[in-house]
Structures are given as structure tokens and as C-alpha cells.
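Encoded as C-alpha cells, the structure appears first; notes follow it.
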Amino acid sequence: MSTIGPQSASTLAAKEHGTELRYEFFKVIQDYADRAARMIEVEPWVSTIMSQPKNELIVHFPVKMDDGTVRLFKGYRIQHSNILGPFKGGMRFHETVSLDDLKALAAMMTFKCALMRIPFGGSKGGIKFNPRSVSSTELQRITRRFTHALGGNIGPEYDIPAPDVGTNAKTMAWMMDTYMNMVGNVEKQSVKGVVTGKPVASGGTLGREKSTGQGIVHCLTEWAKDNAFQLEGSTYILQGFGNVGSNVAVLLARLGSSCVAVGDHTGYLANPEGFNAHKLQDYVHARGSLQGYPAGKVITREEFFATRADIFLPCALENQVGEAEARTLDVKIVVEGANGPLNPEGERVLLEDRIAIIPDILANSGGVTVSYYEWIQNKRSESWSLEEVDDKLERAMKRAYRDVVTFSREHACDLRVAAYALALQRIESVYREREIFP
Ligand code: NAD
């Protein structure tokens with residue numbers, strides 16, 4: 001399989017020509033928010049506050065590696081806003097992690113929680129390294145030492161991490177356990193909610209693992225109803241087969257939609273007959289990637305984007321679809337499982353071609369929604385049934401989807417601007433009531 005870099009084809013091309021373009025993800029998110037703010041005439045001072053994160057934390061911490069050497073790691077936690085509730089956002093372990101990306105992702109969390117009417121703010125953090133390049137024991141020490149370095153800058157009522165790219169339920173168990181060991185004995189049990197996305201036995205909730213994928217499927221189902229589109233018998237192409245991508249694939253299989261091309265950081269595969277989502281998931285769980293999966297033809301990244309299908313599900317990283325990729329896409333709808341998968345040029349081409357886009361802050365908000373349910377359960381020492389979690393999530397997703405579609409019709413704007421505008425309206429109304437300290 002061909003090995004690909006983390007950035008879009010256009011960025012790779014720029015690199016080859018020695019003119020590396022720095023993708024300014026945070027500026028892209030600021031532009032979305034500014035466009036929405038202008039449309040609904042948000043108080044300028046509210047936009048000013050939203051234009052930068054409240055806190056930007058950078059920590060350097062040493063970790064003893066298996067071979068006895070000591071390596072210094074750089075960790076970040078960006079806390080964008082806590083006007084609606086505690087800061088909330090994932091922890092990313094990836095070699096491309098940067099301050100700018102995390103500022104963008106933290107701001108998106110603020111807007112996502114506001115859109116979903118969840119009483120949380122927005123944050124994001126992570127460590128710049130490749131978690132696949134270290135052993136499991138090293139990974140545990142890195143995670144624990146990072147949690148320790150963050151210290152009182154996270155907490156169940158202050159800032160609540162969750163899994164993101166390169167982290168999972170196991171990472172959250174290590175973070176929770178480290179944090180519990182940093183507080184006094186009598187407080188230990190009351191701080192379980194310091195992270196969400198934990199394993200169920202360690203205080204996680206049923207339904208969290210698939211929640212982001214489930215939310216995407218609810219959005220897609222609503223869109224299908226509105227557009228007289230049959231999901232049964234439809235086809236899709238899927239980029240990213242981690243937590244989000246693999247769960248979407250398994251859930252879509254139940255609705256009779258089949259995956260005809262799939263890709264991850266190791267390369268891309270096509271199968272016109274449709275992949276078996278469960279077998280793909282088992283394979284990736286066992287091997288860590290799609291590399292070597294037997295039931296598919298190896299294709300290039302360009303061929304992947306040109307594969308005809310009804311739906312495109314980008315579920316990997318930001319900035320994957322630029323103008324070049326968008327021009328070759330041959331689909332009816334793009335549902336953004338990843339945060340920021342389309343860059344502005346890619347989005348412009350898709351909008352011109354009248355391809356529907358369900359924006360990230362709506363499409364992938366099922367994860368933070370069920371994280372909120374986990375946090376409530378931890379606070380109340382409860383454990384809800386899967387049916388209860390699923391029902392609540394379905395209602396929350398459908399309501400948010402309707403809110404966004406209705407707003408976009410009333411204001412003749414696209415769904416992304418509508419989602420940002422709704423979020424900003426809610427944030428602005430709280431600022432109007434509370435005003436600014438002192
Ligand atoms: P993950 O680490 O579980 O999976 C990431 C997937 O992307 C893997 O299959 C990986 O191989 C693939 N990938 C990485 N680099 C790639 C590249 N250059 N080209 C193609 N594929 C590549 O991460 P995840 O939790 O599934 O997150 C995926 C996206 O969804 C991210 O944008 C994340 O911020 C967003 N998201 C995740 C959640 C969640 O609950 N996990 C919630 C909301 C949004």
C-alpha cells in the first residue's frame with residue numbers, strides 16, 4: 001500500500017515544490033465564526049472574546065523510555081471557552097499536533113457544545129508524537145506523566161478530556177487513574193468524571209464507543225428523509241477507520257449501505273462489491289491498520305477520491321479535501337465525521353457543485369453528547385442502560401439537525417454557517433445576561 005502523509009494532496013504538492021504551505025486551521029474556524037456572526041449581527045465584543053482561547057497551556061515533561069533513555073515530550077491543553085460550562089474536549093496523540101490546530105479544535109468544541117445545548121465549553125489538547133512508535137508501557141508512562149504535568153488545569157468541574165485521534169478508552173483509564181492518585185483519598189471516587197470516554201467498568205457509559213458514529217448516522221438518516229434518498233442499497237467511501245470511521249461503517253451496514261472504498265494512514269482499498277464492515281473492524285482491531293487487508297484492491301489516494309458513490313464520509317483528519325480532491329469527488333453528500341476535513345477551497349467547490357455537506361460541529365457531535373451523559377452518570381453514581389443512552393442521543397441529534405436545517409432555510413445560508421450562527425446566538429445570549437467581570 002502506498003504511504004501517505006497527514007496533509008491533503010495540495011499541501012503535499014506544495015511541499016514537493018519546496019513551497020510548503022502552512023494550513024491555518026484556526027483562521028479557517030475564525031472565518032466560519034465571523035461569517036456567522038456578521039449574518040446574525042452578534043455583539044462585536046462577543047466575537048472578540050470568541051476570537052482567541054481563554055488559556056493556552058504548554059507543558060514539557062520527561063519520560064523514561066524502555067531502553068533507559070529519557071525523552072522530553074511537549075503537551076498542550078487549549079481552553080477556548082467556559083462560558084457555558086466546564087471546558088470539554090479531546091486529547092490527540094499524533095505527530096502533527098500543533099498549537100494552531102488545537103486552538104481550532106478547541107474553538108470548534110465551544111461551538112459544538114453550544115449547538116447541542118450541552119452545558120460545556122470547549123478545549124482540546126494532546127502531545128506531538130506518534131503513539132504507534134512507542135511500546136504500550138511507554139505509552140502508559142507518557143499519558144500518566146502528561147496528566148500529572150497538567151495537574152489542576154484539568155478536573156471534573158473545570159476541564160474534562162476525552163479520546164480523539166490516537167487516544168482511546170484505555171488512554172482515558174490511565175488519565176483518570178493518575179488524576180485520582182493526585183487528589184486526597186476522600187475525594188478519589190468523586191473525580192471519576194475528570195475524563196469521559198472511559199472503559200465502562202471504570203466508570204464509562206454504555207454507548208460512548210459508537211456514539212460519534214451513531215450521531216453521524218442519525219444526521220444521514222434525517223438528510224435521507226428530507227431528500228427522498230434510500231440508504232438501503234446506497235454506497236459510500238470512507239476515509240479513516242478508527243473510532244469514528246469503523247463505528248459508522250458497522251452502523252451503516254445495518255441500514256444496508258455499503259462501503260466501496262476505504263482508506264487510513266497506510267493507504268486506500270476499493271471493493272465494488274462492498275467491504276464487510278465487521279470483518280474490516282476485526283482486522284483493524286487486531287492489526288492496527290487496514291494495511292494488508294485481503295478483500296480489496298489497493299488504490300491510490302487520487303483513485304479513492306474519484307470513486308463513484310452516494311456518500312463520502314471523511315473520518316480521519318482536518319484539511320484532507322482541497323480543491324483538487326473536491327473536483328474529483330463523485331458523491332451526493334459529504335458527512336464530516338472528522339473535524340475540519342474540508343479546507344475552504346474544497347468546500348467552495350462542493351458548494352458550487354451543489355453537493356450537500358453536513359458540517360462537523362453537527363455531524364460528529366454525538367461523541368461529546370454521550371460524553372455529557374457519562375459525566376452526569378459519574379456525578380450521580382448512576383449507570384444508564386444502552387437503550388436510555390441511545391434514545392437520548394437520537395433525540396438530541398435529531399433536534400440539532402432540525403434546528404440547523406430550519407435556520408439555514410430561514411436565513412438562506414449553508415448548514416455550516418447555520419450551525420455556527422445557532423451556537424453563537426446561544427453564547428451571545430449568556431454573555432448579554434452575565435456581561436463582563438468586573
Ligand atoms: P482514531 O485515531 O481512532 O482514527 C483515526 C483514523 O484516521 C485512523 O484510521 C487513521 O489511520 C486515519 N488517518 C490518520 N491519518 C490519516 C491520513 N493522513 N490519511 C488517511 N487516514 C488517516 O481517531 P478518531 O477518534 O476516529 O477521530 C477521527 C476524527 O474524528 C478526528 O478529526 C477527530 O477529531 C474527530 N472526532 C472524533 C470523535 C471521537 O469521539 N473519537 C468525536 C468527534 C470528532
Side-chain angles (χ1 to χ4, degrees), residues 1-9 11-12 25 88-97 101-102 104-106 108-109 111-113 116 122 124-126 130-132 161-172 195-198 204-205 207-216 219 237-249 261-269 280-281 283-285 287-291 293 300-301 304-305 313-321 325 335-342 359-372 374 393:
M1 287 171 118
S2 61
T3 306
I4 44 157
Q7 298 296 329
S8 73
T11 309
L12 287 177
F25 192 15
K88 181 83 186 92
M91 283 294 191
R92 181 173 288 197
F93 290 178
H94 196 271
E95 60 271 32
T96 64
V97 160
D101 290 353
L102 295 177
L105 293 161
M108 291 174 88
M109 287 304 295
F111 298 122
K112 201 179 291 186
C113 292
M116 295 306 290
K124 206 84 176 190
N130 177 0
R132 292 186 179 89
D164 190 74
V165 176
T167 56
N168 55 26
K170 182 86 189 137
T171 326
M172 294 305 115
V195 291
T196 59
K198 302 178 285 287
T205 181
R208 174 61 181 90
E209 200 70 30
K210 64 161 182 159
S211 57
T212 308
Q214 185 69 73
I216 291 167
C219 288
I237 60 172
L238 172 63
Q239 190 196 34
F241 204 82
N243 172 283
V244 180
S246 65
N247 281 294
V248 170
V262 62
D264 71 1
H265 69 286
T266 61
Y268 293 85
L269 294 168
L280 266 183
Q281 195 180 43
Y283 186 89
V284 172
H285 273 161
R287 311 273 184 111
S289 75
L290 293 167
Q291 190 159 35
Y293 186 71
T300 63
R301 189 177 189 276
F304 168 80
F305 279 102
L313 292 153
C315 297
L317 292 176
E318 58 277 0
N319 188 26
Q320 291 299 305
V321 182
E325 291 84 0
V335 191
E336 296 184 331
N339 285 310
L342 310 181
D360 40 21
I361 63 167
L362 169 63
N364 69 32
S365 61
V368 71
T369 304
V370 175
S371 274
Y372 170 51
E374 177 175 332
L393 175 64

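We count ligands from 1, going down the list as the structure has it; atoms in each ligand are counted the same way.
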Among Pro131, Ser365, Ala316, Gly240, which residue places a heavy atom closest to atom 29 (C) of ligand 1?
Ala316
Which label fits Phe305 and Tyr268: parallel for a plane angle under 30°, tilted from 30 to 60°, or perpendicular past 60°?
tilted
Rounded to the nearest 0.5 angstrom, the CZ-OG distance for Phe241 and Ser289 is 11.5 Å
Output yes when the distance from some N or O of ligand 1 to some N or O of Leu105 is under 3.5 Å, and no in every other case.
no
Presence of salt bridge, Arg92 and Glu318, under 4.0 angstrom:
yes
Indicate whether the side chain of Ser211 and that of Arg208 have a donor and an acceptor atom separated by less than 3.5 Å.
yes
Close approach of Tyr268 to ligand 1, heavy atoms, under 4.0 angstrom:
yes
May I ask whether Arg208 places a heavy atom under 4.0 Å from ligand 1?
yes
Side-chain contact, heavy-atom cut-off 4.5 Å: Glu325 with Phe304?
no
Distance, nearest 0.5 Å, that separates NZ of Lys124 from NZ of Lys88
9.0 Å
Would you please determine whether Ser289 falls within less than 4.0 Å of ligand 1 on a heavy-atom basis?
no
Per-atom contacts, ligand 1 versus Gly337 - under 4.0 Å to a heavy atom:
30 (O), 35 (C), 44 (C)
Report yes or no: does Glu318 have a heavy atom closer than 4.0 Å to ligand 1?
no
Under 4.0 Å from one or more heavy atoms of Asp264, ligand 1 contributes atoms 9 (O), 11 (O), 20 (C), 21 (N), 22 (C)
Got a sec, which residues hit side-chain hydrogen bond (donor to acceptor under 3.5 Å, both in side chains) with Asn168, two or more places apart in sequence or on another chain?
Thr171
For residues Cys113 and Val368, determine if any side-chain heavy atom of one lies less than 4.5 Å from a side-chain heavy atom of the other.
yes
Sub-4.0 Å atoms of ligand 1 with respect to non-hydrogen atoms of Asp164:
25 (O), 33 (C), 34 (O)
Polar proximity ligand 1 side, Gly242 side, N/O cut 3.5 Å exclusive:
yes
Check this for me - ligand 1, Phe241, N or O atoms closer than 3.5 angstrom, yes or no?
yes
Ligand 1 versus Cys315, non-hydrogen atoms closer than 4.0 Å: side chain, backbone, both, neither?
backbone
For Phe111, enumerate each residue passing the ring-ring contact (aromatic ring centres under 6.0 Å, His included) test, keeping only those at least two apart in sequence or located in another chain.
Tyr420
Just to be sure I'm reading this right: ignoring hydrogens, which of Asn364, Val368, Asn243, Val165 gets closest to atom 44 (C) of ligand 1? Compare them by their nearest heavy atoms.
Asn364
State the atoms of ligand 1, each with its element, that fall below the 4.0 Å cut-off from a heavy-atom position in Gly166.
2 (O)
Polar-atom distance check: Thr212 versus ligand 1, any N or O pair below 3.5 Å?
yes
Those atoms of ligand 1 less than 4.0 Å from some heavy atom in Arg92:
31 (C), 32 (O), 33 (C), 34 (O)
Quick one: CG on Asn339 to CG on Asn364, what's the gap to the nearest 0.5 Å?
4.5 Å
